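Right, one structure below, let's go through it.
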Protein chains: 2
Amino acid sequence: MNIRQLSFRLLEVFMSVVKTGSISETARQLHLTQPTVSLQIKRLQEAVNEPLIIMQQQKLQVTEAGLHLFRTCEQVFGHFDDYQDYLAELKGGERGRCKIAMVNTAQYILPKLLGPYSNAHPHVELPLEIGNRSAVLARFERGEDDIYVFSHPPSLEHAQAARFLHNPLVFIVPFDHSLADVKALTLADLMPYRFLLREPGSATRMLFESELQSRGLVLSDSVQMASNEAIRVAVSSGMGIAVLSHHVLPKGDNSFKVLNVTDTCLASHWYFVVRTDRHISHAARSFIKFAQLNLEQYLDKQWVRNELNGLNLH
Amino acid sequence: MNIRQLSFRLLEVFMSVVKTGSISETARQLHLTQPTVSLQIKRLQEAVNEPLIIMQQQKLQVTEAGLHLFRTCEQVFGHFDDYQDYLAELKGGERGRCKIAMVNTAQYILPKLLGPYSNAHPHVELPLEIGNRSAVLARFERGEDDIYVFSHPPSLEHAQAARFLHNPLVFIVPFDHSLADVKALTLADLMPYRFLLREPGSATRMLFESELQSRGLVLSDSVQMASNEAIRVAVSSGMGIAVLSHHVLPKGDNSFKVLNVTDTCLASHWYFVVRTDRHISHAARSFIKFAQLNLEQYLDKQWVRNELNGLNLH
DNA sequence: TTACCTCATAGGTTTTTATCTATGAGATAC
DNA sequence: GTATCTCATAGATAAAAACCTATGAGGTAA
């Protein structure tokens with residue numbers, strides 16, 4: 001038997017003949033002519049090199065070998081049916097994987113979406129990568145993930161990005177800092193104080209520094225720290241003051257205070273970024289769709305900027 | 001996914017690509033050119049309508065859907081391998097069925113071959129049909145069996161026959177019959193006695209009657225009985241005399257005696273008969289081969305007439 | 001007998017498939 | 001920078017597959 005000359009169509013026709021017990025009937029059911037079916041069976045028998053169906057007293061009789069082949073076909077088609085089911089789930093976004101890489105800061109907001117999504121789609125794997133901006137950028141360059149979360153999206157040559165959340169930056173000081181209760185401050189008022197900053201390249205820092213530069217201001221003292229957590233705690237304990245995303249601040253924590261700086265409005269947005277040169281997994285598409293529909297429900301409504309319909313997910 | 005545009009060849013190539021992790025390597029192994037393999041994969045992906053293999057950092061990466069398909073293929077090819085094994089056994093005569101129809105008398109000799117054959121080929125089904133000549137002839141006409149056993153084969157229009165055993169007919173009388181110990185008898189000497197005969201049409205009876213006719217002899221009295229067994233027992237108990245196949249006589253039974261009729265040599269042969277207009281099953285072929293090689297071993301050497309090589313089993 | 005089934009076969013057409021060669025774009029290796 | 005891999009794509013061809021119509025042989029049923 002040469003499996004290479006078998007085709008699924010041939011087997012389909014054969015199965016129908018076995019089931020109906022008639023070549024003409026099969027032809028009618030499959031919208032073929034009777035000679036076509038006869039010929040297919042003949043060819044199948046030649047491929048198998050063994051009679052499968054024989055005429056016996058004007059009736060078709062399936063031989064042993066034919067019956068065996070029939071059962072084999074049933075199993076084979078069963079496997080393909082299973083695969084089709086799997087594919088359907090995969091394409092429906094019910095299965096599969098959606099790898100997301102995000103910059104550190106995003107870990108304060110994204111889980112609010114990921115949790116509900118994961119509950120709604122339990123078969124979707126959701127591996128997360130969290131790193132600083134340069135690490136995530138490197139992953140982005142290599143196209144290692146399905147979705148990237150940035151404030152300040154990278155060059156959009158091979159990517160598209162869409163905002164989903166406003167990301168206001170605020171200045172914080174220890175709760176007992178001398179500026180804490182001043183009604184209206186200017187950015188210049190903060191310059192004398194020591195600033196606790198993330199590494200260069202972090203979106204927050206970039207935004208802040210470009211603001212300073214454009215205004216001709218210079219920090220008198222700054223300290224670099226590796227995480228927003230560390231900065232917040234350091235501010236609370238009086239090491240200095242900082243500019244941080246509003247979203248990273250725990251609510252109801254009184255160990256620091258947000259300043260009222262009237263001449264400055266620093267803000268960026270959170271973006272979902274996908275590469276345009278890579279096929280978007282169905283799971284990723286499904287996640288973005290989910291986000292699009294449920295941003296308001298799971299994130300603070302006041303900051304939501306739902307522009308996800310701008311994404312063209314092929 | 002449209003299964004109709006899938007071919008086994010396509011899946012074979014796909015599996016090879018997954019295994020080697022390289023399109024070029026697959027091309028080398030399958031003696032194809034690299035573009036051919038590329039194209040096959042592309043076509044498969046179009047059929048499935050889902051990426052199966054993607055380029056990632058200059059390396060081929062199998063997607064989820066691809067891996068799933070690969071596993072599906074493994075199973076499918078496994079089933080066909082099983083079927084191939086089955087076919088091989090079938091074609092080797094190790095499996096399948098060999099239906100044999102024989103006339104009554106043959107049941108005294110054929111089991112001596114069937115037993116050893118069945119032991120040597122335990123997976124071959126051997127359904128037997130035993131009937132009188134006309135019943136077996138009817139089966140033969142309809143082509144219901146693979147092998148027929150006749151003495152006196154039917155018209156050979158759609159059949160071929162080959163002798164395998166001499167079938168001498170002998171005259172028996174009760175052990176205390178007046179003829180029992182006569183040294184030399186003629187056929188005419190037997191005419192006055194009552195003959196116990198099988199039904200008209202039975203080969204034995206036909207042979208006997210044609211001999212009588214050609215010699216101008218007429219039976220004075222005859223009784224018809226349905227089986228050789230019945231005749232033998234009836235002879236033993238004095239109901240008359242009979243002409244029977246030597247093979248149906250149990251050895252060491254002293255309740256009857258074989259006459260020494262010097263002017264008559266009635267004999268036929270046992271034939272295996274197969275139809276020429278029907279495919280001969282591998283099992284049937286295998287049985288005849290077995291008989292051909294082992295006749296002398298399992299049947300009384302003295303009567304064997306091995307002409308089975310005369311059968312042309314296509 | 002005729003009409004009407006069955007399946008088989010011959011002969012032909014149109015797609016599809018399985019290949020190839022040639023060529024190009026990227027990446028790596030020296 | 002050049003050679004040498006990788007894979008992708010375009011264009012061409014020869015074989016095959018998948019059908020069809022027409023026709024015939026053999027059987028059943030009115």
Side-chain angles (χ1 to χ4, degrees), chain A residues 2-48 51-63 66 141-143 157-158 275 277-279, chain B residues 2-48 51-63 66 141-143 157-158 275 277-279:
Chain A
N2 187 356
I3 202 168
R4 282 177 55 172
Q5 47 192 294
L6 261 51
S7 79
F8 287 101
R9 179 54 168 166
L10 218 52
L11 298 180
E12 245 172 24
V13 172
F14 168 68
M15 286 185 80
S16 174
V17 171
V18 172
K19 279 189 205 145
T20 62
S22 155
I23 287 183
S24 301
E25 182 54 28
T26 293
R28 267 174 245 122
Q29 288 187 12
L30 301 187
H31 308 294
L32 296 170
T33 60
Q34 169 265 314
T36 299
V37 178
S38 283
L39 203 65
Q40 299 279 56
I41 296 298
K42 194 177 170 194
R43 276 192 34 225
L44 181 59
Q45 297 190 136
E46 276 163 13
V48 173
L52 302 171
I53 284 172
I54 51 182
M55 285 287 284
Q56 189 96 333
Q57 314 292 126
Q58 307 330 109
K59 285 214 157 184
L60 291 191
Q61 178 104 25
V62 182
T63 64
E141 289 302 336
R142 290 193 298 271
E157 200 181 341
H158 296 296
R275 295 196 62 111
D277 56 355
R278 261 193 73 184
H279 185 85
Chain B
N2 188 356
I3 201 169
R4 280 178 56 173
Q5 45 192 296
L6 261 52
S7 77
F8 287 100
R9 178 55 167 167
L10 218 54
L11 299 179
E12 245 173 24
V13 171
F14 168 69
M15 286 185 80
S16 174
V17 171
V18 172
K19 279 189 207 148
T20 62
S22 154
I23 287 184
S24 302
E25 182 55 26
T26 293
R28 267 174 244 120
Q29 287 185 12
L30 302 187
H31 308 294
L32 296 170
T33 60
Q34 169 265 314
T36 298
V37 178
S38 282
L39 202 65
Q40 299 280 54
I41 296 299
K42 194 179 172 194
R43 277 193 32 224
L44 181 59
Q45 296 190 138
E46 276 161 13
V48 173
L52 302 171
I53 284 172
I54 51 183
M55 285 287 285
Q56 189 95 336
Q57 315 291 125
Q58 308 330 112
K59 283 215 162 186
L60 291 192
Q61 177 105 26
V62 181
T63 65
E141 288 304 333
R142 291 193 297 272
E157 201 183 341
H158 296 296
R275 294 195 63 109
D277 57 353
R278 263 192 72 186
H279 186 84

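Source: prediction; values computed, not measured. Note on naming: letters A, B, ... go to the chains in the order of the sequence lines (proteins, then strands), and numbering restarts at 1 for each one.
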Would you confirm whether Thr63(B), through its side chain, and Pro51(B), through its main-chain N or O, come within 3.5 Å as a donor-acceptor pair?
yes
Report the distance from atom CD of Glu25(A) to atom C1' of dC5(C), rounded to the nearest whole Å.
13 Å
Taking only the side-chain nitrogens and oxygens of Ser22(A), find out if one of them lies under 4.0 Å from OP1 or OP2 of dT6(C).
no
Starting at CG of Leu30(B) and ending at P of dC20(C), how long is that distance when rounded to a whole Å?
11 Å
Output the rounded distance in Å from CD1 (Ile54(A)) to P (dA8(C)).
12 Å
Provide, to the nearest angstrom, the distance between the NZ atom belonging to Lys42(B) and the C1' atom belonging to dC7(D).
12 Å
In whole angstroms, how far is the P atom of dC7(C) from the CD atom of Gln45(A)?
13 Å
With the side chain counted from C-beta on, respond yes when Val37(A) and Leu30(A) share a heavy-atom pair under 4.5 Å apart, and no when they do not.
no
Roughly, in whole Å, what's the span from CD in Gln34(B) to C1' in dG24(C)?
11 Å
Salt bridge between Arg43(B) and Glu46(B), side-chain N to carboxylate O under 4.0 Å?
no
CE of Met55(B) versus P of dT9(D): gap in Å, rounded?
11 Å
I'd like to compare against my own output: the B/S/- annotation of nucleotides 13-19 of chain D with a strict under-4.0 Å heavy-atom distance to protein.
----SSB
Hey, is the main chain of Glu141(A) close enough, under 3.5 Å, to the side chain of Arg275(A) for a donor-acceptor pair?
yes
Any donor-acceptor N/O pair, Gln45(B) side chain to Leu52(B) backbone, under 3.5 Å:
yes
Check: Thr26(A) side chain, Ser22(A) main-chain N or O, donor-acceptor pair, under 3.5 Å:
yes
Reckon Arg28(B) touches a base, only the sugar-phosphate, or nothing at all at heavy-atom distances under 4.0 Å?
sugar-phosphate
Rounded off to whole Å, could you give me the CD1-to-P distance for the Ile23(B) and dT9(D) pair?
10 Å
